[in-house]
Amino acid sequence: QVQLVESGGGSVQAGGSLTLSCAASGSNLSFYNDAWYRQAPGRQRELVARITFDDFRHYADSVKGRCTISRANGGGTVTLQMNRLNPEDTAVYYCHFNGFGKDYWGEGTLVTVSS
């Protein structure tokens, strides 16, 4: 069974930084596309950042220049570095791996940014 375990969520003051990490277990996902999504209360889940299996990166306009997505551990871990956070970044963040007709989601980690 594939499991994605997220860590690094928590509370931070506006202007601060936070790094989220997602570790995959149960399968080799190194050839998958990886992404971070977030969902704020009353909002639809939205893409924050994506990194393809061949290392092409995409960022939502709302976080471009403030976030960096990267891989580690041979592709089994994906991280999201977030800088200059503001209260609008408050959301539950989910990691996502997809490829070969399959996709996997983490259970989410809460990021709260206070003013």
Side-chain angles (χ1 to χ4, degrees):
Q1 180 178 341
V2 172
Q3 289 187 318
L4 305 181
V5 180
E6 296 142 321
S7 62
S11 298
V12 64
Q13 294 190 58
S17 300
L18 207 60
T19 299
L20 307 181
S21 181
C22 177
S25 64
S27 184
N28 186 347
L29 303 181
S30 61
F31 295 108
Y32 281 60
N33 307 300
D34 312 329
W36 285 94
Y37 288 75
R38 68 185 182 186
Q39 187 167 23
R43 299 288 186 268
Q44 291 185 320
R45 189 173 299 186
E46 64 177 354
L47 176 69
V48 178
R50 176 190 292 121
I51 180 169
T52 67
F53 74 97
D54 51 350
D55 292 335
F56 287 96
R57 292 169 169 83
H58 169 80
Y59 298 96
D61 289 342
S62 60
V63 303
K64 192 173 299 182
R66 300 191 295 121
C67 293
T68 302
I69 187 170
S70 61
R71 286 195 181 92
N73 193 31
T77 298
V78 60
T79 65
L80 182 69
Q81 299 177 9
M82 301 186 291
N83 304 313
R84 303 191 304 280
L85 290 163
N86 60 69
E88 293 184 355
D89 294 315
T90 295
V92 177
Y93 285 71
Y94 302 87
C95 65
H96 178 247
F97 287 59
N98 78 282
F100 304 99
K102 301 179 180 179
D103 63 335
Y104 305 97
W105 291 92
E107 293 187 357
T109 184
L110 177 64
V111 172
T112 301
V113 184
S114 60
S115 60

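Arg84 places a side-chain N or O within donor-acceptor distance of the main-chain N or O of Gly65, the cut-off being under 3.5 Å. In terms of modelled atom types and a separation under 3.5 Å, the side chain of Glu6 and the main chain of Gly108 share a donor-acceptor contact.
Across Ile51 and Ser70, no two heavy atoms sit closer than the pair CD1-CA, 4.4 Å. When all heavy atoms of Leu18 and Gly8 are compared, the pair lying nearest together is CG-O, 3.5 Å. Taking both residues in full, the closest heavy atoms of Ser114 and Pro87 are given as C-CG, 4.4 Å, listed atom of the first, atom of the second, then distance. The minimum heavy-atom distance between Ser21 and Thr77, with the atom names listed, is OG-CG2, 3.5 Å.
In this structure, CG in Leu85 is found 6.0 Å from CZ in Arg66, a value given to the nearest 0.5 Å. From Asn33, atom CG reaches atom CZ of Arg50 across 7.5 Å, with rounding to the nearest 0.5 Å. Ser27 OG to Gln1 CD: the interatomic distance, rounded to the nearest 0.5 Å, is 11.5 Å. Here Cys22 contributes atom SG and Glu107 contributes atom CD; the two are 11.0 Å apart, rounded to the nearest 0.5 Å. With rounding to the nearest 0.5 Å, the separation of CG in Leu80 from CG in Asp34 is 12.0 Å. Between the CH2 atom of Trp36 and the CD atom of Gln81 there is a distance of 12.0 Å, given to the nearest 0.5 Å.
Atom CD of Gln39 has more than 12 heavy atoms from other residues, nucleotides or ligands within 6.0 Å.
In this structure, a donor-acceptor pair under 3.5 Å is present between the side chains of Ser17 and Asn83.
Both Phe31 and Leu4 are members of a single hydrophobic cluster when ILVMFWY side chains are connected at heavy-atom separations under 4.5 Å. Both Tyr32 and Val2 are part of a single hydrophobic cluster, where members link through side-chain heavy atoms under 4.5 Å apart.
Summarising the hydrophobic clusters (Ile, Leu, Val, Met, Phe, Trp, Tyr; side-chain heavy atoms under 4.5 Å, direct or chained), the residues clustered with Phe56 are none.
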Scan the side chains in residues 92-103 for donor-acceptor partners under 3.5 Å anywhere in the protein, sequence neighbours excluded, and list what turns up.
from, atom 1, to, atom 2, distance (Å)
Tyr93, OH, Arg38, NH1, 3.0
Tyr93, OH, Asp89, O, 2.6
His96, NE2, Asp103, OD2, 3.3

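The one candidate from Val48, Ile69, Leu47 that meets the side chain to side chain contact (heavy atoms under 4.5 Å, CB included) condition with Tyr59 is Ile69.
Looking only at side-chain heavy atoms (C-beta outward), Val12 and Met82 stay at 4.5 Å or farther from each other.
Thr112 is linked by a side chain to side chain donor-acceptor pair (under 3.5 Å) to nothing, counting only residues two or more places apart in sequence or in another chain.
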